[in-house]
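Computed over heavy atoms, backbone and side chain alike; hydrogens, waters and symmetry mates excluded. All values derive from a computational prediction rather than experimental measurement.
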Amino acid sequence: MEPIVASFLIGLAFAVGVYSGSARLVQLFLWIEKDLVDKLRRLRARTNYLRSYLILWLLLTTGVFLVFWLVFHNLIFGLLSLVFLLAAPWYLLRRMAERRRQKIEDQLADAMVTLANAVRAGLSLAQALEILALRCPDPINAEFQQIVAEYNMGKPLAQTLAAAKDRLQSENFALFAAALMASHESGGRLNETVERIAQSVFELQRLERKIQAETAHARKSAIYMAIIPVCVLVAYYFVDPANTRLLFTTVFGQFVLATAVVLNVVAYFWARVILSPDI
């Protein structure tokens, strides 16, 4: 009887907390939706039914939490699973968007050289952009194809470049777009300006690759350090299964295990931040 009363009181307190903070929860939901829309736009994915998918995902994660709490009487693991299920999709989308952005960054310098050569050959800026849309590899060719398509439909070049700059969120592309706009509005030797920007981008990429190569071993070590606690837990289970089960069956053990998981995840991401300096 006491566990039922305790669960009822906890649920009542949770419901009161949700009701009192409903306005902030709505603002948080809208912020998450906006952030996911931004990442999906970078991945060139559709966002038509994103809100419906988010609501469905929230219901599913809440259902998992309630199963852990009410069926297995495990509130701590329920909260841990709730946080993990809510954070995992956002993290995966962020990683995918960042990888695509990095791939575009790697292809941008070659695209600048191609555009400079096309302008030097006597082509106009619009014709040079069409060549980039046709000859550049994926995924940067999709961005130039959209720029050319919008420009051909009558949209000003400044707006198409500004939209691409907001979509890509790349400092190198912003510099490239500024050079294109300056040449388009006031003239000048576009090929020389773009070539200088391309040389700067090549140098930055060389430094980034050097740092990535020198920190590769440390990044692998961070992954191994995150996996080792799981291996130690499995080893302890075979050595002393009775006491190891206490981590899963007692409240104190569950709290210790959840704290260890949180600290392990924080340490892994902290190591990634330290080993990924921004040049």
[X]-[Y] co-clustered via ILVMFWY side chain contacts under 4.5 Å:
X: L43; Y: L54; result: yes
X: L257; Y: V251; result: yes
X: L70; Y: L79; result: yes
X: I55; Y: W31; result: yes
X: L40; Y: V37; result: yes

Compare all side-chain heavy atoms of [X] with those of [Y] and state whether any distance is below 4.5 angstrom.
X: V71; Y: L66; value: no
X: L75; Y: F65; value: yes
X: F173; Y: L108; value: yes
X: V119; Y: L123; value: no
X: L246; Y: N243; value: yes

Looking just at side-chain N and O atoms, do [X] and [Y] make a donor-acceptor pair shorter than 3.5 Å?
X: T249; Y: R245; answer: no
X: Q169; Y: R42; answer: yes
X: E195; Y: Q199; answer: no

For a quick test of reading the model, state the closest non-hydrogen atom pair linking [X] to [Y] and the distance between them.
X: F202; Y: V113; result: CE1-CG2, 4.0 Å
X: M112; Y: V201; result: CE-CG2, 4.1 Å
X: I147; Y: L161; result: CD1-CD2, 4.1 Å
X: L115; Y: A128; result: CG-CB, 4.0 Å
X: Q205; Y: D106; result: NE2-CA, 3.3 Å
X: Y236; Y: T244; result: O-OG1, 3.2 Å

Measure the spacing between [atom1] of [X] and [atom2] of [Y] and express it to the nearest 0.5 Å.
X: R219; Y: I274; atom1: CZ; atom2: CD1; result: 13.5 Å
X: T160; Y: Q146; atom1: OG1; atom2: CD; result: 9.5 Å
X: L58; Y: I32; atom1: CG; atom2: CD1; result: 7.5 Å
X: E130; Y: L125; atom1: CD; atom2: CG; result: 10.5 Å
X: Y151; Y: Q159; atom1: OH; atom2: CD; result: 12.5 Å
X: F248; Y: I76; atom1: CZ; atom2: CD1; result: 12.5 Å

Checklist entry - Do the ring centers of Y53 and W57 come within less than 6.0 Å of each other? => result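 Between Y53 and W57, the centre distance exceeds or equals 6.0 Å.
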Checklist entry - Yes or no on side chain to side chain contact (heavy atoms under 4.5 Å, CB included) for L30 and R51, after CA distance, side-chain angles and deciding distance? => result CA-CA 9 Å; L30 294 176; R51 180 168 295 184; 3.6 Å; yes
Please tabulate, for the side chains in residues 133-144, all donor-acceptor contacts under 3.5 angstrom to protein atoms that are two or more places apart in sequence or on a different chain.
residue : atom : partner : partner atom : Å
E143    : OE1  : R44     : NH1          : 3.4
E143    : OE1  : R167    : NE           : 2.9
E143    : OE1  : R167    : NH2          : 2.8
E143    : OE2  : R44     : NH1          : 3.2
E143    : OE2  : R100    : NH1          : 3.1
E143    : OE2  : R100    : NH2          : 3.3

Next on the checklist: Please check: side-chain N/O of Q127 versus main-chain N/O of S124, any donor-acceptor pairing under 3.5 Å?
Outcome noted: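 Checking the backbone N and O of S124 against the side chain of Q127, a donor-acceptor pair under 3.5 Å is found.
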Checklist entry - Hey, does the side chain of T215 reach the backbone of A218 with a donor-acceptor pair shorter than 3.5 angstrom? => result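 Side chain of T215 to backbone of A218: no pair is present.
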Next on the checklist: Just checking K155: does its NZ atom have more than 12 heavy atoms from other residues, nucleotides or ligands closer to it than 6.0 angstrom?
Outcome noted: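 Buried by this count: over 12 neighbours within 6.0 Å.
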Checklist entry - For the side-chain contact (heavy atoms from CB on, under 4.5 Å) test, which of V266, N264, T259, V265 pairs with V262? => result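 When side-chain contact (heavy atoms from CB on, under 4.5 Å) is applied between V262 and each of V266, N264, T259, V265, only V266 qualifies.
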Next on the checklist: Consider side chain to side chain donor-acceptor pair (under 3.5 Å). Of E105, R101, Q102, which one does S170 pass it with?
Outcome noted: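 Going through the options one by one, the only one that passes is E105.
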Identify every side-chain donor-acceptor pair in residues 81-93 under 3.5 Å, counting partners at least two apart or on other chains, and give the distances.
residue : atom : partner : partner atom : Å
S81     : OG   : F77     : O            : 3.1
S81     : OG   : G78     : O            : 2.8
W90     : NE1  : D35     : OD2          : 2.6

Next on the checklist: Using side chain to side chain contact (heavy atoms under 4.5 Å, CB included), reason through Y49 and L56 one step at a time and then give a plain yes or no.
Outcome noted: CA-CA 11 Å; Y49 303 102; L56 180 61; over 6 Å; no
Next on the checklist: Quick one, N172 with I197, criterion side chain to side chain contact (heavy atoms under 4.5 Å, CB included). Give me CA distance, side-chain angles, the key distance, then yes/no.
Outcome noted: CA-CA 8 Å; N172 293 330; I197 297 174; over 6 Å; no
Item to check | Verdict with reasoning, E33 to L50, per side chain to side chain contact (heavy atoms under 4.5 Å, CB included) | outcome: CA-CA 8 Å; E33 183 183 16; L50 178 61; 4.2 Å; yes
